[in-house]
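Single-structure report; data block below.
Read the numbers this way: they start at 1 and go in the same order the structure lists the ligands and their atoms. We use all heavy atoms of the structure for the numbers below, so side chains are in, but hydrogens, waters and symmetry mates are not.
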Amino acid sequence: MPEKDDTFEKITTHLITSGFVYPGSEIYGGLSNSWDYGPLGVLLKNHLKDLWLRHFVREIEYNVQIDPAIIMNPKVWEATGHVANFHDPLVDCKYCHSRFRADDLVKEQCPDIDVDGLDQKALNEIVQSGRVVCPKCGKSQFTEIRQFQMMFKTFIGVTEEKSSAVYLRPETAQGIFVNFKNVLRTTRRKLPIGICDIGKAFRNEITPGNFTFRTREFEQMEIEFFFKPGEDEKWFAFYKENCRQFVERLGLRPDHVRFRNHEKEELAFYSSATTDIEYLFPSLGWGELMGIACRGDYDLKRHMEKSSQDLTYLDSETHEKYVPHVVEPSFGLDRLMLALLMDSYEVEKLEDGKDERIVMHLAYELAPYTAAVMPLSNALKEEALEVFRMIHPEFDAIFDTTGSIGKRYRREDAIGTPFCVTYDFDSKNDHMVTIRERDSMKQERVAIDNLADYLHDKMRKDRRL
Ligand code: ATP
């Protein structure tokens, strides 16, 4: 029997014990597949958002950012087809009552079948034919497929009536489409224009799991890029290249990243082309991190029909009037973060051959803390604290006084801190500190007065682009 690959589990355990992620509502026994980010997770997430904003908003001259509401007029979701079509095909095992997505069962157990090309009747026939078995108990008797609405429904106001029903948004994109005219008018920009948004989305997934890979609430970083019809190929290629550069900037191992073009049958009916960027997760295999889709004029046209508003664009130079086409790069922040954490984790054998350390090789600009300041002895605490206070306003830094220096180094390696700054007995006289770098473990003396410049310089040099 091949050994079971438990790398994914090992890393997630490390992430929980070190404080990147906590189980949600833990003191009440948790809530299935709900996760909270701890201080380390939040810092990493913020750095990832900052990098995304820099790469896609600040460095692309056409783009601006907005922040629309999570709860929108329910007509939005009627217009987009989410109310009618945002369903998953659900089946229950009649023996052990475990619940599955029928399409996942067929995908995993019948590799010869193209699941994306099947309608519900055909999918149900396969599930009922005995070709798939319950992954939990091995039996092969399932309920008929039921369609399960994935949008979370809630009510505004005091009464739970149909008329006050609203949904938590299942994607951030629609807040952008409904504001297309507002953004054009108030920014006085012309096409092309990219409108970007980072925010939470909610999906009542039937089979959430694999830690933060699939959850019921997650953050998306999306761009709707509007342009003149006919320029679809140009902007699709532009964003594919930009997304490739972004992934490179994150420092993900290139052989663990692939671009996968959707086959014709897999494409949404309104999309002329879609490419996913996938990451090779340990134990899980390839998983989607993001998608870049050519959406044509589908969304704007649907909103024009449903809202009776004119969302066409008038080109003031050529006097042409048209409904813009759209390319949508859509990143899942939590999945991207999970990929980064998995990618950067290493259990490294040390030179003596006996000892080992856990080290997270995160890009310097993404690591939760840039530096950990530590006194060699508690007698030097006050002086070391001064050094910490000096750099803290400029860098995410941590002050650590507990345990031996060796233990403190290991603790920082395990959360990816690039620099440990030690104040020792010589520091009082020579006004220098010892800086130890995470990956090489090399140490050097640096003047306290130059510490901030030193860190800035190292950060700059570590940048991938
Ligand atoms: P999947 O096929 O994995 O369900 P999707 O194709 O439905 O994903 P999109 O609607 O394209 O996903 O959303 C864009 C991105 O949002 C995905 O690439 C993924 O990174 C992220 N995402 C989608 N659903 C979830 C979820 N339930 N939990 C965490 N991230 C998610």
Show which atoms of ligand 1 fall inside a sub-4.0 Å distance from at least one heavy-atom site of R203.
-> 5 (P), 7 (O), 9 (P), 10 (O), 12 (O), 13 (O), 23 (C), 24 (N)

Aromatic W286 / basic R260 pairing, under 6.0 angstrom, 45° off normal = no

What residue and atom, counting heavy atoms only, is the protein's closest point to atom 14 (C) of ligand 1, and at what distance?
-> S330 OG, 3.1 Å

Per-atom filter on ligand 1: closer than 4.0 angstrom to a heavy atom of M290 are 18 (O)

Non-hydrogen atom of Q220 closer than 4.0 Å to ligand 1 = yes

Considering only non-hydrogen protein atoms, determine which one is nearest to atom 28 (N) of ligand 1 and report residue, atom name and distance to 0.1 Å.
-> T215 N, 3.0 Å

Purely on distance, is any nitrogen or oxygen of L289 under 3.5 Å from one on ligand 1?
-> yes

When you look for heavy atoms under 4.0 Å from ligand 1, do you find them on the side chain of R214, its backbone, both, or neither?
-> both

Does the N or O separation between E222 and ligand 1 drop below 3.5 Å for any pair?
-> no

Hey, what's the ring geometry for F331 with F56, parallel, tilted or perpendicular (30° and 60° as the breaks)?
-> tilted

Nearest non-hydrogen protein atom to atom 11 (O) of ligand 1, with distance, is E288 OE2, 3.6 Å

Shortest heavy-atom approach to atom 30 (N) of ligand 1 - which of F218, F86, F202 = F218

Please work out which of the three classes, parallel, tilted or perpendicular, describes the rings of Y313 and Y322, given edges at 30° and 60°.
-> tilted

Does T212 reach ligand 1 with a nitrogen or oxygen that is under 3.5 Å from one of the ligand's nitrogen or oxygen atoms?
-> no

May I ask you to list the atoms of ligand 1 that are less than 4.0 angstrom from any heavy atom of E205?
-> 24 (N), 26 (C), 27 (N)

Please write down residue, atom name and distance for the protein heavy atom closest to atom 21 (C) of ligand 1.
-> G332 CA, 3.6 Å

Note: D334, heavy atoms under 4.0 Å from ligand 1, region reported as neither

Any chance the side chains of Q128 and N124 put a donor and an acceptor closer than 3.5 Å?
-> yes

Looking at F213, which atoms of ligand 1 are within less than 4.0 Å of one of its heavy atoms?
-> 28 (N), 29 (C), 30 (N)

How are the rings of F142 and F100 set to each other: parallel, tilted or perpendicular (split at 30° and 60°)?
-> perpendicular

Between Y270 and D299, do the side chains contain an N or O donor and an N or O acceptor separated by less than 3.5 Å?
-> no

Is the number of heavy atoms from other residues, nucleotides or ligands under 6.0 Å of R58 CZ greater than 12?
-> no

Has the side chain of R295 got a donor or acceptor atom that lies under 3.5 Å from a matching backbone atom of E328?
-> no

Taking the inter-plane angle between the rings of Y279 and H256 on a 0 to 90° scale, is it parallel (under 30°), tilted (30 to 60°) or perpendicular (over 60°)?
-> tilted

In the protein, which heavy atom is nearest to atom 19 (C) of ligand 1, and how far is it?
-> R335 NH1, 3.5 Å

Report the relative orientation of the aromatic rings in F226 and F177; use parallel for angles under 30°, tilted for 30 to 60°, perpendicular for over 60°.
-> perpendicular

